[in-house]
Structure formats: structure tokens, C-alpha cells
2 protein chains.
Amino acid sequence: MSLVVVGSVAYDGVETPHGKVERMLGGACTYISLSAGYFTGVGIVAVVGEDFDPADREFLASRRIDLAGLETKPGKTFFWAGVYSEDMNDRTTLRTDLNVFADFEPRLPDHYRSQPYLLLGNIQPALQRGVREQMSGLKLAAGDTMNYWIRDYRAELLETIREWDCLIINDSEARMLAGQSNLRRAAAAILDLGPSTLVIKRGEYGALLFRRDRMFAAPAYLLDPVFDPTGAGDCFAGGFMGYLAQQGADRTPDQAGWKDLCRAVVYGSVMGSFCCEKFGVERFRTLTRAEIDSRFEEFRRFTEF
Amino acid sequence: MSLVVVGSVAYDGVETPHGKVERMLGGACTYISLSAGYFTGVGIVAVVGEDFDPADREFLASRRIDLAGLETKPGKTFFWAGVYSEDMNDRTTLRTDLNVFADFEPRLPDHYRSQPYLLLGNIQPALQRGVREQMSGLKLAAGDTMNYWIRDYRAELLETIREWDCLIINDSEARMLAGQSNLRRAAAAILDLGPSTLVIKRGEYGALLFRRDRMFAAPAYLLDPVFDPTGAGDCFAGGFMGYLAQQGADRTPDQAGWKDLCRAVVYGSVMGSFCCEKFGVERFRTLTRAEIDSRFEEFRRFTEF
């Protein structure tokens with residue numbers, strides 16, 4: 001194991017123009033770990049209820065995922081349900097039952113604390129900070145957040161991300177965090193907040209990578225069709241951080257390290273694209289590393305000029 | 001001269017968050033020609049009224065732009081006014097006075113008819129078809145259209161674009177034309193309508209290039225700030241077609257020809273980005289080919305991985 005992942009493990013109900021699933025394995029931590037597990041060993045920190053299906057636990061355990069940090073608490077697992085718009089660019093939340101996730105207190109098993117890589121999924125900023133502080137000898141800490149924390153927990157969030165090496169958010173969140181509609185200016189403002197690397201996810205429009213002295217832009221993979229975009233952003237983050245862990249990246253990249261960051265963005269895009277090809281985590285039941293590398297090369301072909 | 005450009009020459013009133021200009025030189029044909037003129041000689045086909053400013057005529061004539069096809073008719077020049085939203089992704093038309101453009105009948109000077117390249121700006125499809133038929137010995141014909149013609153002149157439009165080698169439209173137009181929200185499927189459907197090359201402009205998200213057997217994706221250049229997006233799509237088309245004309249492209253590209261198409265998309269993006277840096281055509285008063293090539297190389301740097 002080299003990468004510790006913190007976040008939600010959940011059950012999701014999802015409806016897209018391609019179909020409907022009442023209840024299936026989901027959650028940011030799940031998607032991140034399944035994705036990152038193609039690149040490196042992962043240790044997860046999450047909480048589930050007594051209703052958590054042993055088959056789902058087995059599925060995760062069958063990958064390079066250490067479940068020592070997966071706590072089971074009395075009660076039910078976090079449940080979320082939502083429906084996507086016709087073009088799948090918008091979604092409406094139908095239900096959010098936090099259940100055992102409401103009192104989530106991330107506790108790291110001892111053997112997690114010395115791992116070199118940390119990816120903090122989107123949870124309460126103070127909890128993210130607490131986890132960061134439990135780690136010693138980190139080579140790279142990255143994290144995600146969302147509009148809710150940016151708007152209502154701003155001070156706490158700023159204190160938290162100040163300690164991160166890399167922030168991974170979407171473009172509307174970047175604009176909100178920076179208070180800047182121009183993305184280039186927003187990126188510059190965010191790099192003043194602490195993280196030396198910023199990744200901006202743009203869904204069907206690709207992703208951007210910023211450091212103070214340079215940037216990189218990757219288009220998205222054009223899927224036909226997109227079945228279910230749930231988890232795509234988390235799979236992006238998992239692929240990105242998993243690849244960096246595989247490469248042994250650290251927080252002061254040289255020219256080769258910069259290329260690794262760019263390739264990590266492309267691997268992130270590749271993992272996000274596979275995620276959308278089936279409902280929920282289904283695509284990861286059959287996906288192979290060879291398929292991933294082949295799509296990575298496809299990205300190279302369709303961006304070279 | 002090698003490229004014939006047909007479309008509107010107009011006066012525009014534009015308001016963006018960065019300022020307001022009551023009346024300035026504009027129109028698709030103007031932007032396309034100014035942009036393409038950095039790559040090849042251009043002959044324009046357009047109509048203006050008696051109010052057309054001699055200084056504007058001189059400005060165009062000072063570039064590699066042949067004005068033999070610029071007709072002056074009794075009456076006023078086409079006038080358009082619009083205001084952009086705060087993030088500049090939407091605009092509201094305040095006024096459209098077609099004036100002499102209402103009865104535009106494109107007439108090609110004799111020496112235009114044998115030119116190898118044709119770029120049809122967004123005008124009535126039947127007029128576009130009439131121009132295409134006046135040309136002999138074309139190596140490549142490309143054109144633009146818009147939602148209005150797609151919706152209300154569909155049969156006429158389909159008959160027109162069937163004869164084109166390349167269609168250059170934005171993503172919402174591509175989806176509307178194909179009746180397909182998935183862009184990959186939309187592209188495949190459009191390539192069945194006649195054009196062997198399809199370019200989809202996505203504004204701040206870049207551009208896509210499709211042929212039946214391959215595709216290319218370019219991100220957009222991130223500007224700080226965008227002053228005025230008016231004409232950016234036309235400058236993209238002008239840069240794209242101008243570069244192809246400079247390279248002597250033809251309708252059956254080999255591997256080198258494919259690379260030229262990809263580079264033409266990047267040059268198009270470069271020209272669109274410069275266009276947004278000042279109001280109206282102002283940036284083109286000082287822009288040099290060296291600046292263009294330097295930004296082209298910048299694109300290479302921020303897309304290589």
C-alpha cells in the first residue's frame with residue numbers, strides 16, 4: 001500500500017436516460033479506490049452501516065485495497081439518490097440519507113500513518129485536516145472539496161487546504177473558491193492559498209493542470225454513449241493520484257516530474273471515461289490495466305499535432 | 001489570392017463586462033478575412049452601404065485582402081448590437097438592422113472563380129450554394145451555418161452542405177443538425193451528410209476535428225481576460241482555412257495532410273484567442289505572424305504529455 005484514501009462509501013440510486021438502478025455500491029472513497037487500485041496499493045478510511053453487503057466488501061478486497069480502515073457502525077450505510085438530465089450535464093438529488101456517515105470520525109490504522117500518499121475525498125474540511133495531521137512522512141497530499149464547504153465553511157476550508165500539495169476541484173468550484181470568473185486568474189489566486197498544484201476538472205470538456213510557472217490542458221475522452229457519469233470525477237482523482245503514487249512523485253517536481261503530473265491528468269481522464277461506460281462501479285469489474293494503457297495511448301493520438 | 005470568403009461586413013455595437021463600443025467594424029466576412037490574411041491572400045465577397053467608412057475599407061485593403069468583391073449599395077451597412085453576460089458565455093442581441101445585407105446577392109469577380117479555396121460564412125444556404133456553383137477547380141470548400149438555418153431551412157441547408165468538404169460549426173449546432181446530444185454520434189451522423197471533415201468549435205472549451213477514421217481534440221487558449229468574444233468563431237474559421245490554403249491542402253489528406261488539418265485547428269484556436277483580447281477587430285491592427293506562431297508553440301507546450 002502507498003496511498004491512503006478518505007471519503008464516503010455509500011449506496012446510490014441513480015437514474016440516467018439510459019436506465020435506472022435503485023441501489024448500488026457508490027461513494028467517493030469507493031470510486032477513488034477502485035480507480036487508484038489499478039496503479040498502486042490503496043488503504044481506505046471510511047464508515048459503513050450494518051447493512052453493508054458482504055459481496056461489496058469482497059469486491060473491494062479483491063482489488064489492491066486494504067480495508068483495515070473501513071469501520072462498521074450500528075445503523076445504515078450512507079444513501080444517495082439522484083436523477084440526471086437528458087444531456088447528463090445536470091443532476092438533481094432526490095435523497096440524501098447520511099446515516100452512519102453523519103458522525104464519521106476518520107480513524108487511521110497504525111500502518112496507514114506512514115504511507116507517502118494521501119487523497120482526501122470531499123468531506124468536512126476539519127475532518128480532512130484531522131486526517132492530514134495523523135500522517136507522518138507524506139510525499140504528497142491531495143484533496144477534493146465542494147461548493148457547500150466553499151460557501152459555508154470557508155475559513156475552515158482555507159486552513160485545511162493550506163497544508164495540501166494538490167487541490168482537485170471542478171471549474172465552478174474553482175471560480176467560487178477564487179471569487180474570479182476568469183479561470184486563469186482563478187487558478188493563480190488558488191495557487192496563493194497553499195497548494196502548489198491545482199487540477200481543475202471540466203467533465204466532458206477535459207481537465208486543466210496548473211502550477212505557478214506552467215500549465216497543461218487535456219481534452220476529455222468522447223464517449224459513445226455516456227451511461228452514468230456518477231463517480232467520474234472521483235475516478236479521475238483516483239487515476240491521477242494513483243499514477244503519481246506509482247511513479248513515486250514528490251512535491252517538488254523537476255521536468256520529468258512535471259511530465260508525470262501531465263500524464264497523471266491524462267490517466268485521470270482515462271479512468272473518468274471508463275467509469276461512465278456502465279452504471280456505478282460496474283465497469284471496474286472487468287476493466288484491465290491493458291485497456292487503461294491503450295486508452296492513454298489513444299489520448300496521445302488524438303491530441304498530437 | 002487563394003481563398004475566397006463570403007459573408008457579412010457589418011458595424012457592431014458591443015457591450016461586455018469590460019466596456020462598451022457603440023459602433024465598430026465587424027461581420028463574419030471581416031473577421032474571417034483579417035484572420036485568414038495572416039496565412040494566405042483572401043478575396044472577399046460582401047455588400048456594404050454608402051455609410052461604410054473609407055478608413056475601414058483602407059484597413060482591410062492594407063492586408064492581403066482583395067476588395068474587388070466588396071459591393072457598395074444604396075442604403076446602410078448591416079448593423080448588429082448585443083450585450084454579453086457577466087461570464088461572457090451568453091449574449092443577447094439588442095438590434096439587428098440587415099439594411100443592404102437583406103438583399104445580398106453574392107457576385108464573384110471573374111478572377112475569384114478559379115481560386116482553390118472557398119470559405120462560406122454563415123448566410124442563407126441557397127446563397128452559399130450559388131457561390132459554390134460559381135467556383136471551378138476548387139481544392140477545398142468549407143462553410144459555417146447557424147441554428148436558424150438548421151431549424152427553418154433544413155432541406156436547403158442539407159442540399160448545400162452536401163457539396164462541402166468541411167463543415168465548421170459550434171457544438172450546439174452540431175447536436176441540432178444531427179438530432180443527437182452525444183457529440184461523437186452527432187459527428188458521425190454529420191459526416192454522413194456530405195462533408196468529409198467536421199470541425200466543432202466549443203468556445204472556451206476548445207475545438208474538435210472529425211474525419212470518418214480519426215479525430216483530434218484541441219483545448220482552448222486560456223485568456224486573461226477575455227475582453228470581447230465577438231468574432232472569435234469567425235477568426236477560428238479564418239485561421240483554420242487560411243492555414244490549410246497556405247499548406248496547399250486538398251480534399252483527400254494523407255498522413256501529412258491529416259497533421260495539417262490538426263495544426264489548422266490549433267491555428268484556428270490561436271486566432272480566436274487573439275480576437276478576444278481587444279474589442280472588435282482592434283487586436284488585428286497590431287498582431288504579427290510571429291506572435292501567432294509563438295502562441296501556436298505555446299499550445300504545443302501546454303498539450304504535450
Side-chain angles (χ1 to χ4, degrees), chain A residues 17-18 85-89 171-172 175 180-189 200 202-211 214-227 243 258-269 273 276 296-305, chain B residues 17-18 85-89 171-172 175 180-189 200 202-211 213-227 243 258-267 269 273 276 296-305:
Chain A
H18 296 282
S85 63
E86 187 58 34
D87 67 2
M88 279 183 279
N89 283 329
D171 46 0
S172 68
R175 289 183 164 111
Q180 255 294 347
S181 68
N182 181 284
L183 217 47
R184 198 165 193 138
R185 289 188 184 186
I200 297 182
R202 307 180 101 185
E204 66 159 324
Y205 299 116
L208 299 166
L209 168 70
F210 294 92
R211 285 180 61 87
R214 51 180 81 187
M215 62 160 290
F216 171 70
Y221 189 80
L222 284 186
L223 285 166
D224 167 22
V226 174
F227 259 95
Y243 179 74
W258 167 251
K259 284 289 164 202
D260 277 342
L261 277 170
C262 298
R263 286 173 195 141
V265 168
V266 175
Y267 272 112
S269 300
S273 75
C276 298
F296 178 89
E297 288 308 319
E298 209 183 325
F299 258 84
R300 200 186 286 289
R301 278 198 302 283
F302 76 63
T303 57
E304 261 173 5
F305 62 88
Chain B
H18 297 283
S85 64
E86 187 59 34
D87 67 2
M88 281 182 279
N89 282 330
D171 45 1
S172 68
R175 290 182 163 112
Q180 256 293 345
S181 67
N182 181 283
L183 217 47
R184 198 163 193 140
R185 288 188 185 184
I200 297 182
R202 306 179 102 186
E204 66 159 325
Y205 300 115
L208 299 166
L209 168 69
F210 294 92
R211 286 179 60 87
D213 58 342
R214 52 180 80 186
M215 64 160 290
F216 170 71
Y221 188 80
L222 284 187
L223 284 167
D224 167 22
V226 174
F227 260 94
Y243 179 74
W258 167 251
K259 283 290 165 201
D260 278 341
L261 276 170
C262 297
R263 287 174 195 142
V265 168
V266 175
Y267 271 112
S269 300
S273 75
C276 298
F296 179 88
E297 288 308 320
E298 209 183 326
F299 259 84
R300 199 185 288 287
R301 278 197 304 281
F302 76 65
T303 57
E304 261 173 4
F305 61 89

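In what follows, every chain begins at residue 1, and chains take the letters A, B, ... in the order their sequences are listed. The figures here come from the full heavy-atom set of this structure, side chains too, leaving out hydrogens, waters and symmetry mates. All of these numbers come straight from a predicted model, not from anything done at the bench.
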Answer with side chain, backbone, both or neither: which region of [X] has an atom nearer than 4.5 Å to a non-hydrogen atom of chain B?
X: D171(A); result: side chain
X: L209(A); result: neither
X: N182(A); result: side chain

Pick from [options] with the largest number of heavy-atom pairs that fall under 4.5 Å of chain B:
options: D87(A), L223(A), L208(A); answer: L223(A)
options: R185(A), K259(A), M215(A), R263(A); answer: R185(A)
options: S181(A), A217(A), A187(A); answer: A217(A)

Between F296(B) and F305(A), is the ring centre distance below 6.0 Å? yes
Run the ring-centre check on F210(A) versus F302(B) and record whether the distance is less than 6.0 Å.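 They do not qualify: ring centres at least 6.0 Å apart.
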Please flag which part of E298(B) lies under 4.5 Å from any non-hydrogen atom of chain A: side chain, backbone, both or neither.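 Just its side chain gets close to chain A.
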Min side-chain heavy-atom separation R202(A)-E204(B) under 4.5 Å: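 Contact flag for R202(A)/E204(B) side chains = yes.
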Does R300(B) come within less than 4.0 Å of E304(A), counting only side-chain N to carboxylate O?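 Salt bridge: no.
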So does E297(A) have more than 12 non-hydrogen atoms from other groups sitting under 6.0 Å from CD? yes
Kindly confirm or rule out a cation-pi arrangement of R184(B) over Y221(A), judged by NZ or CZ under 6.0 Å from the six-membered ring centre and within 45° of its axis? yes
